[in-house]
Amino acid sequence: MISKGLPGFRDFPPEDLALRAHIFRVWREVAARYGFEEYDGPPLEPLDLYTGKSGDEIVAQLYSFTDKGERQVALRPEMTPTLARMIGARANGMKKPIRWFSIPQLFRYERQQRGRLREHFQLNCDLIGEAGPLADAEIIALAIDVMRGFGLGPEDVRVRVSDRRFVAFRLAAAGVPDELMPGVFRAIDRMEKDPDGASRMLGELQLAPGAIDWIVRLTDRGHVDDLLRARATVSTPLGATLDWLDKIGLADWIDFDPTIVRGLAYYTGTVFELFDAKRTLRAICGGGRYDTLLQSLGGADLPALGFGMGDVVLGELLKDRGLHPAIAPSIDLFVAAVTSDDVPYVLKLAHELRDAGFRVEYALNGNPVGKQLNLANARGARFAIVIGPDERARGEVQLKDLMAKTQEAVNNTSLVSHLSSLVASRPMSHDPRP
RNA sequence: GUGCCUGUAGCUCAAUUGGUUAGAGCGCCGCACUGUGGCUGCGGAGGUUGCGGGUUCAAUCCCCGUCAGGCACCCCA
């Protein structure tokens with residue numbers, strides 16, 4: 001047996017590629033609707049592009065090695081440094097805000113689990129050069145509309161939104177000193193999954209008892225609602241972002257959740273994650289505002305925000321909900337020869353039909369007509385053309401509608417135009433299964 | 001990287017307390033069917049039981065190792 005693929009790497013036979021292609025199609029279509037332009041970069045980068053500036057959590061799981069030229073290289077674990085390099089090189093001449101998206105294949109060396117491999121494709125959308133809260137609403141709206149593009153609704157997917165500036169402001173008011181903020185955020189990040197561990201972390205921070213109590217209640221619905229009502233009285237962009245999303249008409253999707261922190265340290269403001277409503281899968285999408293990152297990575301001092309959305313969890317959600325694309329037929333027409341004397345005419349006709357743009361197949365062996373039609377069915381062809389000595393003598397073909405199970409004689413001279421109207425005016429396909 | 005669980009045909013699964021030649025359904029190929037398709041019937045191919053070692057008269061079954069997958073940690077592109 002041939003050696004297997006590497007763990008955490010996927011093969012894409014046609015039935016799996018169909019789902020991936022569907023995901024890419026929706027990603028590109030919705031991003032384009034928001035005026036985003038697609039870019040790309042190299043999948044292999046110098047190692048120091050990531051070790052210098054990315055967070056430790058990414059560096060620890062880099063898929064890195066030494067190449068034949070003794071260069072230290074890494075398969076890209078994220079797109080942002082590459083984006084920062086490109087923006088840094090040309091931002092001066094670009095009209096702001098910059099709306100760019102990409103669908104990179106990203107890599108990470110770690111033990112795989114469901115929804116979590118060593119490679120995946122990720123939609124990256126970034127909005128660069130606008131610091132105002134409408135930009136935050138715009139990028140969240142884009143993420144939501146991608147969900148809608150797949151046929152998902154607010155009952156399927158929830159958007160949990162927070163803002164580090166807002167939470168930090170309230171934490172300060174509750175008595176948390178600035179130097180303890182990072183540790184408090186780490187604890188908040190854990191509160192949902194591991195309340196005991198989070199409490200222990202808070203206890204080690206030597207906070208005032210009242211502050212600890214206030215923080216612990218961030219998982220309490222009533223406490224969060226109080227915070228939400230108070231947002232208008234606090235000078236942070238969170239309230240404006242939420243209000244803009246309401247005006248856009250997407251408030252149904254949004255849950256304000258101050259326990260959303262995001263693992264990456266570089267977020268400076270709005271942070272958000274998309275989860276399936278049943279919470280059985282990992283996060284579908286995560287993003288936020290990173291106003292200082294581009295300068296530290298690529299030298300362009302521009303505010304920015306964006307999100308990443310992977311194909312693995314999303315694909316599982318679509319399969320769970322029956323929203324994956326139906327099996328598509330591979331051909332429109334099948335041309336069958338009755339006798340070996342008919343084969344040359346089949347070849348000529350099939351070639352003409354292919355030139356006309358139809359997807360055409362014919363039998364490569366000498367199977368009887370019944371077998372050939374069987375193959376036509378298995379391919380999902382809507383029509384089959386049968387050519388035998390009798391048809392040739394009359395200058396016509398038998399055109400079978402495989403779905404309607406009807407058959408008619410069609411003159412050679414009108415065949416292409418006749419088929420054009422049929423294939424254009426009827427469903428392109430039917431279910432190949434019985 | 002740590003712990004637990006699971007590996008039998010392309011797929012989904014069987015196989016008595018360890019006991020003869022590891023079976024079935026689906027799928028695939030062929031025949032019935034030499035001018036007409038999804039049905040039916042019959043037949044066929046396809047397995048070193050993930051791999052390696054050990055215990056035993058005998059291992060798909062028990063033990064160890066290894067690889068792969070699932071789950072939980074870690075972390076969350």
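Numbered from 1 within each chain, the chains take letters A, B, ... in sequence-line order. Source: prediction; values computed, not measured. Computed from heavy atoms alone, side chains included, the values below leave out hydrogens, waters and symmetry copies.
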Sugar-phosphate or base contact per nucleotide [nucleotides 67-72 of chain B; S, B, -; heavy atom under 4.0 Å]: -SSBSB
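Residues from residues 391-399 of chain A placing a heavy atom under 4.0 Å of any atom in RNA chain B, listed by number, are A:Glu391, A:Gln398. Within a heavy-atom distance below 4.0 Å of RNA chain B, the residues of residues 364-371 of chain A found are A:Val369, A:Gly370.
As judged by a 4.0 angstrom heavy-atom cut-off over every strand, A:Gln407 is placed among the base-contacting residues. Within 4.0 Å of A:Arg118, counting heavy atoms only, lies no atom of the nucleic acid at all.
Distance noted for atom P between B:A59 and B:U49: 12 Å (whole Å). Rounded to whole Å, the separation between the P atoms of B:A24 and B:C42 comes to 13 Å. Using P as the reference atom, B:G46 and B:A22 are 14 Å apart when rounded to the nearest Å. The same atom, C1', is picked in B:U16 and in B:G23; the two are 15 Å apart, to the nearest Å. For the P atoms, the distance from B:G54 to B:U20 is 23 Å, rounded to whole Å. Only the C1' atoms considered, B:C67 is 7 Å distant from B:C51, to the nearest whole Å. On the C1' atoms, B:G10 is 31 Å away from B:C62, given to the nearest whole Å. Look at the C1' atom in both B:G18 and B:C57: the space between them is 12 Å, to the nearest Å.
Scored by the salt bridge (Lys or Arg N to Asp or Glu O under 4.0 Å) test, A:Asp11 finds no partners at all (sequence neighbours excluded). A:Tyr39 is linked by a ring-ring contact (aromatic ring centres under 6.0 Å, His included) to A:Trp100, counting only residues two or more places apart in sequence or in another chain. In this view, A:Ala141 and A:Tyr34, A:Leu245, A:Ile248, A:Leu250 satisfy the side chain to side chain contact (heavy atoms under 4.5 Å, CB included) rule, not counting sequence neighbours. Every salt bridge (Lys or Arg N to Asp or Glu O under 4.0 Å) that A:Arg76 has, sequence neighbours left out, goes to A:Asp40. Checked against side chain to side chain contact (heavy atoms under 4.5 Å, CB included), A:Lys278 has the following partners two or more places apart in sequence or in another chain: A:Asp276, A:Thr280, A:Arg321. Every residue two or more places apart in sequence or in another chain that forms a side chain to side chain contact (heavy atoms under 4.5 Å, CB included) with A:Arg282 is listed here: A:Gln113, A:Arg116, A:Val313. Listed by chain and number, the residues in a salt bridge (Lys or Arg N to Asp or Glu O under 4.0 Å) with A:Glu138 are A:Arg99 (sequence neighbours excluded). Residues satisfying the side chain to side chain contact (heavy atoms under 4.5 Å, CB included) criterion with A:Ala409, sequence neighbours excluded, are A:Glu396, A:Gln398.
The interatomic distance linking A:Lys400 (NZ) with B:G38 (C1') rounds to 12 Å, in whole Å. Between the CG atom of A:Leu373 and the P atom of B:C39 there is a distance of 14 Å, given to the nearest Å. For the pair A:Asp16 CG and B:C11 P, the interatomic distance rounds to 13 Å; values are reported in whole Å. Note: CZ (A:Phe334) to P (B:U36) measures 16 Å, nearest angstrom. The distance from atom CD of A:Glu361 to atom P of B:G37 is 18 Å, rounded to the nearest whole Å. Note: CZ (A:Arg116) to P (B:A77) measures 8 Å, nearest angstrom. Look at CE on A:Met201: it is 9 Å from P on B:C75, rounded to the nearest Å. Between A:Asp189 atom CG and B:C76 atom C1' there is a gap of 9 Å when expressed in whole angstrom units.
Contact annotation: the side chain of A:Gln105 never approaches that of A:His120 to less than 4.5 Å [non-hydrogen atoms, C-beta and beyond]. Counting heavy atoms from C-beta outward, A:Phe307 and A:Gln122 have side chains that stay 4.5 Å or more apart.
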A:Phe121 and A:Phe24: CA distance, side-chain angles, deciding distance, ring-ring contact (aromatic ring centres under 6.0 Å, His included) verdict: CA-CA 9 Å; A:Phe121 293 92; A:Phe24 284 15; 5.3 Å; yes
Derivation and outcome, salt bridge (charged side-chain N to carboxylate O under 4.0 Å, His left out), residues A:Glu361 and A:Arg379: CA-CA 9 Å; A:Glu361 185 176 358; A:Arg379 297 293 197 233; 2.7 Å; yes
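Comment: A:Glu45 does not engage A:Arg71 in a salt bridge, judged by the lack of any side-chain N to carboxylate O separation of less than 4.0 angstrom. At a threshold of 4.0 Å, the pair A:Glu38-A:Arg28 counts as salt-bridged, since one of the basic side-chain nitrogens sits closer than that to a carboxylate oxygen.
For RNA chain B, each stem of at least three Watson-Crick or G-U pairs (distances under 3.5 Å) is given as range with range: B:1-7 with B:67-73, B:10-13 with B:23-26, B:28-32 with B:40-44, B:50-54 with B:62-66.
For A:Phe101 and A:Phe36, the distance between ring centers is not under 6.0 angstrom.
With hydrogens and angles ignored, a donor-acceptor pair closer than 3.5 Å exists between the side chain of A:Asn377 and the base of B:G37.
Summary of the strand contacts: A:Ile387 and A:Leu106 both lie near RNA chain B, and taking for each the nucleotide with the nearest heavy atom, the more 5' one is attributed to A:Ile387. Taking for each of A:Val386 and A:His120 the nucleotide of RNA chain B with the nearest heavy atom, the 5'-most of the two is the partner of A:Val386.
For A:Arg108, taking side-chain heavy atoms from C-beta onward, the closest of the listed nucleotides B:U36, B:A77, B:G38 is B:A77.
Using modelled atom types, one finds a donor on one side chain and an acceptor on the other under 3.5 Å when comparing A:Thr259 with A:Asp257.
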